[in-house]
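Take a look at the structure set out below.
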Amino acid sequence: QQNVQQSPESLIVPEGARTSLNCTFSDSASQYFWWYRQHSGKAPKALMSIFSNGEKEEGRFTIHLNKASLHFSLHIRDSQPSDSALYLCAVRTGGYKVVFGSGTRLLVSP
Amino acid sequence: GALVYQYPRRTICKSGTSMRMECQAVGFQATSVAWYRQSPQKTFELIALSTVNSAIKYEQNFTQEKFPISHPNLSFSSMTVLNAYLEDRGLYLCGARDGGNTEVFFGKGTRLTVV
């Protein structure tokens, strides 16, 4: 059974800082990996995804995936107050089932 | 674009009663629909996954007897919380995907309060 864990549970960083969020998974056959972001009172929305080992960058956001270590991460460069939200990592192992982590609550202080 | 609507947005029910929530996919075919619960502590739990032409699969700690789900077509799903108690409180999210798209699209959720 897939077990997805996130760390830290919450994080406060100053505006302009680099932020790192971590996610570990237990099923080595996992194939698809996402980060979702949920602003207060809103639906979770996919932020970025990665499907193969390595790194992917989109603007201020970078994902790293290391399947061998069962770990992937999200890095935010030049964090902004608007980045404050609940960040959820999600993993899919073949088929339709997507399992989410419990989330990291990020607060970027101005 | 792909949108998912959930209703009601908020509901209050008395302890021991039941309530039904609905999920509507617009702009894509909801081949699979997953129901999640986000607890007051923000834990994100998968309740069950419904895929067209397959049996609905419930996760550990969740049963069909407690959370019956209907997924009659590619645009609609509903879930009922039977005999609701305090521990059933939370935000219930519907996440839908089509067969060719790996992203899950979420509705804004139905917030259940049990009194």
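Keep in mind it's a predicted model, so treat the numbers as computed, not measured. Within every chain, numbering begins at 1; the chains are lettered A, B, ... in the order of the sequence lines, protein sequences first and strands thereafter.
The 12-atom threshold is exceeded at CG of L3(B), counting heavy atoms of other residues, nucleotides or ligands nearer than 6.0 Å.
Taking each heavy atom of A43(A) and G107(B) in turn, the nearest pair found is CB-O, 3.0 Å.
Applying a 4.5 Å heavy-atom cutoff, the residues of residues 44-69 of chain A that approach chain B are P44(A), A46(A), F51(A).
Between V99(A) and E45(B) the shortest side-chain heavy-atom distance does not fall below 4.5 Å. In this structure the side chain of V104(B) never reaches within 4.5 angstrom of the side chain of R92(A), judged on heavy atoms.
With sequence neighbours left out, the side-chain contact (heavy atoms from CB on, under 4.5 Å) criterion links T24(A) to Q5(A), H71(A). Qualifying side-chain contact (heavy atoms from CB on, under 4.5 Å) partners for A34(B), counting only residues two or more places apart in sequence or in other chains: Y36(B), L46(B), L49(B).
Y87(A) and V108(A) fall within the same hydrophobic cluster, where Ile, Leu, Val, Met, Phe, Trp and Tyr residues are linked whenever their side-chain heavy atoms come under 4.5 Å apart, directly or through other members. Cluster annotation: I56(B) and I47(B) are assigned to the same hydrophobic cluster (Ile/Leu/Val/Met/Phe/Trp/Tyr, side-chain heavy-atom contacts under 4.5 Å, transitive). Cluster annotation: V33(B) and V81(B) are assigned to the same hydrophobic cluster (Ile/Leu/Val/Met/Phe/Trp/Tyr, side-chain heavy-atom contacts under 4.5 Å, transitive). Grouping the Ile, Leu, Val, Met, Phe, Trp and Tyr side chains by contacts below 4.5 angstrom, directly or via other members, places L21(A) with F25(A).
Taking the six-membered ring for Trp and the full ring otherwise, the centers of Y36(A) and F44(B) sit at least 6.0 Å from each other.
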Distance-only criterion, 3.5 Å: show the donor-acceptor pairs between side-chain atoms of residues 58-69 of chain B and protein atoms not counting sequence neighbours.
| from | atom 1 | to | atom 2 | distance (Å) |
| --- | --- | --- | --- | --- |
| Y58(B) | OH | F67(B) | O | 2.7 |
| Y58(B) | OH | I69(B) | N | 3.3 |
| E59(B) | OE1 | Q1(A) | NE2 | 3.4 |
| E59(B) | OE1 | K97(A) | NZ | 3.2 |
| E59(B) | OE2 | K97(A) | NZ | 2.9 |
| T63(B) | OG1 | K66(B) | N | 3.3 |
| K66(B) | NZ | L82(B) | O | 2.9 |
| K66(B) | NZ | N83(B) | O | 2.8 |
| K66(B) | NZ | D88(B) | OD2 | 2.8 |

